[in-house]
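We name chains A, B, ... by the order of the sequence lines, and we start the count at 1 in each one. Because the structure is a prediction, the values reported are computed rather than measured.
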Protein chains: 2
Amino acid sequence: MTIKQTVNNPYSPWMDDDAPEADIVISSRVRLARDIAGYPFPHLLSGQSAEDVMDIVGRAVEDEDLVRRLGKLKVVRLSQLPSLDRQILVDKHLISPDLLKAGGEEAKGVVISEDERLSIMINEEDHLRIQCILSGLRLQDVYLLADAVDDALEKRVNYAFSDRYGFLTACLTNIGTGLRASVMLHLPALVASGGIRDVLTAVSKLGLTVRGLYGEGTEAAGNLFQLSNQITLGQSEEDIVSNLVSITRQVINRERTARRYIYQQKPEALQDKVSRAYGTMRHAYLLSAGEAMQLLSDVRLGVDTGLVKGLSHRTLSELMVVSRPAYLVKLGGRLSAQECDILRARLFREKMAEINQTNA
Amino acid sequence: MTIKQTVNNPYSPWMDDDAPEADIVISSRVRLARDIAGYPFPHLLSGQSAEDVMDIVGRAVEDEDLVRRLGKLKVVRLSQLPSLDRQILVDKHLISPDLLKAGGEEAKGVVISEDERLSIMINEEDHLRIQCILSGLRLQDVYLLADAVDDALEKRVNYAFSDRYGFLTACLTNIGTGLRASVMLHLPALVASGGIRDVLTAVSKLGLTVRGLYGEGTEAAGNLFQLSNQITLGQSEEDIVSNLVSITRQVINRERTARRYIYQQKPEALQDKVSRAYGTMRHAYLLSAGEAMQLLSDVRLGVDTGLVKGLSHRTLSELMVVSRPAYLVKLGGRLSAQECDILRARLFREKMAEINQTNA
């Protein structure tokens, strides 16, 4: 079963290398909030109506166009998934932490395509949350994919839609396009130089939201920042996406300038930092989650400045998922905090040894 | 020429592996202070008399027994040695920092055997300082060697000697036997556990002196401590040596107990610490002298607890000499502090890569 493979494998295609601007942009994501006409929003949804929503989506994802493009799709009830597996899906950015909030597990569901580019959450905040994700800066592509999925579903789902406001959603902040486009950026040089503050202030003034690695309320661990549009109403989907692309390009330029500056001013310090991080990944026997994220960030910067050879973005992104408690516990059973640190370090060492062997 | 090879090679036979108690005792050393009857002590020595002393020693070291045992020996004037080379001899523990004190360079000299087990300083504090050094806990052996050298020299040198006091020396603290026996100990577990304070207090009460790596007034960098006898008068040479051996054995036991405790209580933390140090030695691009000493100490503990494989004591001791500014400057020319750190890191990486290749 697909979803089992998904949770057993830390890899996801959004980690792939050779994507545009992949030295700074980890991934591009679009999600569309959609609700079904004639049904209360999920927070007011009763048992039978919730079942109806599941059924409607279940039939809709059997659409031939969808299957041709993304393979066979199937609704999996959240209640069918062990809680560790649910958390791993969050860690892989395939579902939101909100979906895991207590209550209504029976009525919640998830659809994930085999290639993991598409995931649909059912009865999260809205009846449907369609999400597409690709590696690098590919917002246009990812929007087109989400739009195609949306069109296909619309054939069998009667969306709640107002001619005046657009798509109607459970929360006012999503009304209109229901579109949230986001990019995950790696900004170590702007953090190191302190320039990040100005950038984040400017970005907020331009109507974007900045979050950490796992969405709202999470810190920017590993120098990762998620930029997304704030406004969903009064702009076309194309404008939202192109606006985010254009601001992202400006942030990319700032980060590249900061990297060049560090590289020119203190090449040895940079080489030392990224290379020590590499050495620690190879040799540590205890690794906290926080240190792991910092090492991954340092080594990624090393890869992207050409100072560290033989490591792919994919490996580093996989190790981000591997670092998370859910994956460790899935592998090692119930673990104390120290046992987590031991296992995390072991997995890092093994991965690095495997890579070294391949390169040798 | 022998002394040139000596300063060009960071290795010295006192670094050799497979010596007794080498997991804790780096080296054993004995020095005999001797003065020549009828000549003022060096600090009062005038030009011609200083020359006479040089000549007397120069002839004495041609003794057949000595040559048979230690190869051809030759007096080298300090003034013939570039100042970097002098410092490297200090860093290799073959001469004392005191010999390099300003003044009287013309009259000072040094004799070093090809195997570096014997060195004789001329016109340091005394006319002769005979020093022998061996790896591990071999105080009896090293004393016997020094004694044999002393006997051989005595054939041609008329030592200042009093039937009542024994050998007469420039400083009262050396009168009698003129003997200072010392051991260099690596005590990382006692330092980590805090137990070192009690040990040092006890050792002082037993009439021993504790110093750092480079003698008086130097700190215990790299968890290295030099233990030596305080008293030279009123005890036989054999008693001084066997007393130091017996106290050293007690310190060794304490250190071993502390290591076992750490190993049993926190095996992962120990493995993590020594392995990270190994990784940093392999991968750093900037390495300060202080950090280098700490890494060498951590990795040595790893070697001695079996947690780090494929590294010898010899390599670690060589890197101690390589770490010192004199060796770096000899290799790299005039260097800024940062350039020293860069070169030190490079030499560490190269040595580790060489070892890795050999082990592969």
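- Below 4.5 Å, heavy atoms of chain B meet heavy atoms from A/Glu268, A/Ala269, A/Gln271, all part of residues 260-271 of chain A.
- Residue A/Asp298 holds its CG atom at 9.5 Å from CD of A/Glu291, rounded to the nearest 0.5 Å.
- Ranked by heavy-atom pairs under 4.5 Å with chain B, the first of A/Arg282, A/Met281, A/Lys273 is A/Arg282.
- Taken from OG in B/Ser297 to CG in B/Leu187, the straight-line distance is 9.0 Å, to the nearest 0.5 Å.
- Side-chain N/O atoms of A/His313 and A/Asp304 include a donor and acceptor closer than 3.5 Å.
- A salt bridge links B/Lys330 to B/Asp85: at least one charged side-chain nitrogen sits closer than 4.0 Å to a carboxylate oxygen.
- In this structure, the side chains of B/His186 and B/Ile24 stay at 4.5 Å or more apart for every pair of heavy atoms.
- Surrounding CZ of A/Arg259 are more than 12 heavy atoms belonging to other residues, nucleotides or ligands, all under 6.0 Å away.
- Listed in order of number, the residues of residues 332-352 of chain B that approach chain A to under 4.5 Å between heavy atoms are B/Gln338, B/Ile342.
- Counting only heavy atoms from C-beta outward, the side chains of A/Met320 and A/Arg300 approach each other to under 4.5 Å.
- Side-chain contact between B/Leu296 and B/Ser323 is present, with heavy atoms from C-beta onward closer than 4.5 Å.
- No side-chain heavy atom of A/Leu295 sits under 4.5 Å from any side-chain heavy atom of A/Leu319.
- Contacts of A/Arg276 with chain B are made by both backbone and side-chain atoms, with heavy-atom separations under 4.5 Å.
- Note: A/Trp14 and A/His93 have perpendicular aromatic rings, judged against thresholds of 30 and 60 degrees for the angle between ring planes.
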